[in-house]
Amino acid sequence: MASQTLTIRKPDDWHVHLRDGEMLIRVAGYTARQFARAIVMPNLVPPVTSVEAARDYRKRILEVTPPGFTPLMTCYLTDRTSPDEIARGFSEGVWVAAKLYPAGATTNSASGVTDIRNIYPVLTRMEKIGMVLCVHGEVTDPDVDVFDREVVFIDRVLTRIVSDFPELKVVLEHITTSDAVDFVRSGRVAATVTPQHLVINRNAMFAGGLRPHAYCLPVAKREEHRLAVRRLATSGLPNVFLGTDSAPHERHAKESSCGCAGIFNAPFALESYATVFEEEDALDKLEAFASVNGARFYGLPLNEELVMLERAEVEVPHEIERIVPFHAGETLRWRLLA
Ligand code: NCD
Ligand code: ZN
């Protein structure tokens, strides 16, 4: 009989949106309950572009999360980011990575980078000091079909970054396509994988009507892509790790004539991943994906604390903190014990 419990090192979330203000207070505890550390995305309004802003934001997160949770901060890259500011924040231990949003690619990315050449001096410095570049890998050219934005980004931008900066540590985030999977399998970049891109394909957005709560960016793709992403995530490869991309939006902002991109998956993220890993007969690979590979990539120590999941049905509520969570109304097969 299959084991009824699963004990692993406490996981980390290598990509999350904790937001700010009242929303931060509502959602941060869900991430802190599941994860020891989290890479916190800087796409606030205004974006986190300075060392001081990141330090202040970190303080606000620490004020609303239990002791033991460590937010790892990121710098939002713009056309005007200075290499000195990047290096200062890194050496002062304020941020561990910088985030590349192509301008206009997603929520609060208007101040992002308009041309990759504008940040070449920054990338040169990051390569030198060993700082990680997190990449939202989608082009924004309106001529490119929305479902092709990731593959075109890989062809046009990412291949150039990795050839021009051979030592730069790069994470291609929230991958969604078999093209990204192939690129990651080559070993040159790392990748994070979200729960939703393991679970849904693009049909989920149109199941019986328009489903705004299945909409995030990069948008879910065809089934063949989901299957490729699942095989990669459960492969045990060292350059592939957990990043929820939990991205809460108010219900009215999702259920709107122009609904926001983002899925709030923090409350049941581990339960969702564990269910997928079991379906793929890869529960023995969950710890590497969730708790080991990311820390090694970032050069951080592994967490010593353990967490236990038990095989038990968990019902996901229709609403949490007035937000519709991922898997709302569904039953998952693993439960994270307190
Ligand atoms: C994110 C958000 O809402 O901040 N949305 C999303 O769909 N993933 C931004 C992002 O990571 O693209
Ligand atoms: Zn994100």
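FYI, the numbering just counts along the sequence from 1. Order of listing sets the numbers, starting from 1, for every ligand and every atom in it.
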Which is closest to atom 3 (O) of ligand 1 by heavy-atom distance: K99, M41, R19?
-> R19

Proximal ligand 1 atoms for G262, defined as those under 4.0 Å from one of its heavy atoms = 5 (N), 6 (C), 7 (O)

Interfacing atoms of ligand 1 (cut-off 4.0 Å, heavy-atom, H15) | 11 (O)

Parallel under 30°, tilted from 30 to 60°, perpendicular over 60°: which one fits the rings of W14 and Y298?
-> parallel

Flag this pair as yes if the NZ/CZ of K99 is under 6.0 angstrom from the six-membered ring centre of Y101 and inside a 45 degree cone about the axis; otherwise no.
-> yes

Option among R333, Q34, H327 that satisfies the side-chain hydrogen bond (donor to acceptor under 3.5 Å, both in side chains) test with E271 = Q34

Subset of ligand 1 atoms that lie under 4.0 Å from at least one heavy atom of H136 | 12 (O)

Atom indices of ligand 1 within 4.0 angstrom of A247 heavy atoms, with elements | 1 (C), 2 (C), 3 (O), 5 (N)

Residues E127 and K169 bridged, charged N to O under 4.0 Å = no

Heteroatom distance test (T106, ligand 1): nitrogen or oxygen, under 3.5 angstrom | yes

R188 NZ/CZ over F183 ring centroid, <6.0 Å and within 45° of normal | no

Take E167 and K128, measure what salt bridge (charged side-chain N to carboxylate O under 4.0 Å, His left out) needs, and give me the verdict at the end.
-> CA-CA 8 Å; E167 302 299 324; K128 190 157 158 231; over 6 Å; no

Does a side-chain N-to-carboxylate-O contact under 4.0 Å join R230 and E279?
-> yes

Going by chain and residue number, what protein N/O/S atoms come nearer than 2.8 Å to the Zn ion (ligand 2)?
-> H15 NE2, H17 NE2, D245 OD1

Return a yes/no value for T107: is any of its N or O atoms, backbone included, closer than 3.5 angstrom to an N or O of ligand 1?
-> yes

Please confirm whether L217 comes within less than 3.5 Å of ligand 1 when only nitrogen or oxygen atoms on both sides are compared.
-> yes

K59 bridged to E63 by N-O distance under 4.0 Å = yes

Can the ring centres of Y30 and F268 be said to be less than 6.0 Å apart?
-> no

Looking only at distances, please establish whether an N/O atom of ligand 1 is found under 3.5 Å from an N/O atom of C216.
-> no

If you have a sec, work out which protein heavy atom is nearest atom 8 (N) of ligand 1 and how many Å separate them, to one decimal?
-> D245 OD2, 2.7 Å

is_close_aromatic(F264, F326), centroid dist under 6.0 Å = no

Check each heavy atom of E138 against ligand 1 and say whether those closer than 4.0 Å belong to the side chain, the backbone, both or neither.
-> neither

For A261, is at least one N or O under 3.5 Å away from an N or O on ligand 1?
-> yes

Centre of F35's six-membered ring, under 6.0 Å away, within 45 degrees of the axis: is that where NZ or CZ of K10 sits?
-> no

Determine the interplanar angle of the F165 and Y120 rings, folded into 0 to 90°, and report it as parallel if under 30°, tilted if 30 to 60°, perpendicular if over 60°.
-> perpendicular

What do we get for N43 next to ligand 1 when only non-hydrogen atoms under 4.0 Å count, side chain, backbone, both or neither?
-> side chain

Kindly state whether the ring of H225 and the ring of H197 have centres lying under 6.0 angstrom apart.
-> no

Against heavy atoms of H249, which atoms of ligand 1 measure under 4.0 Å?
-> 3 (O)

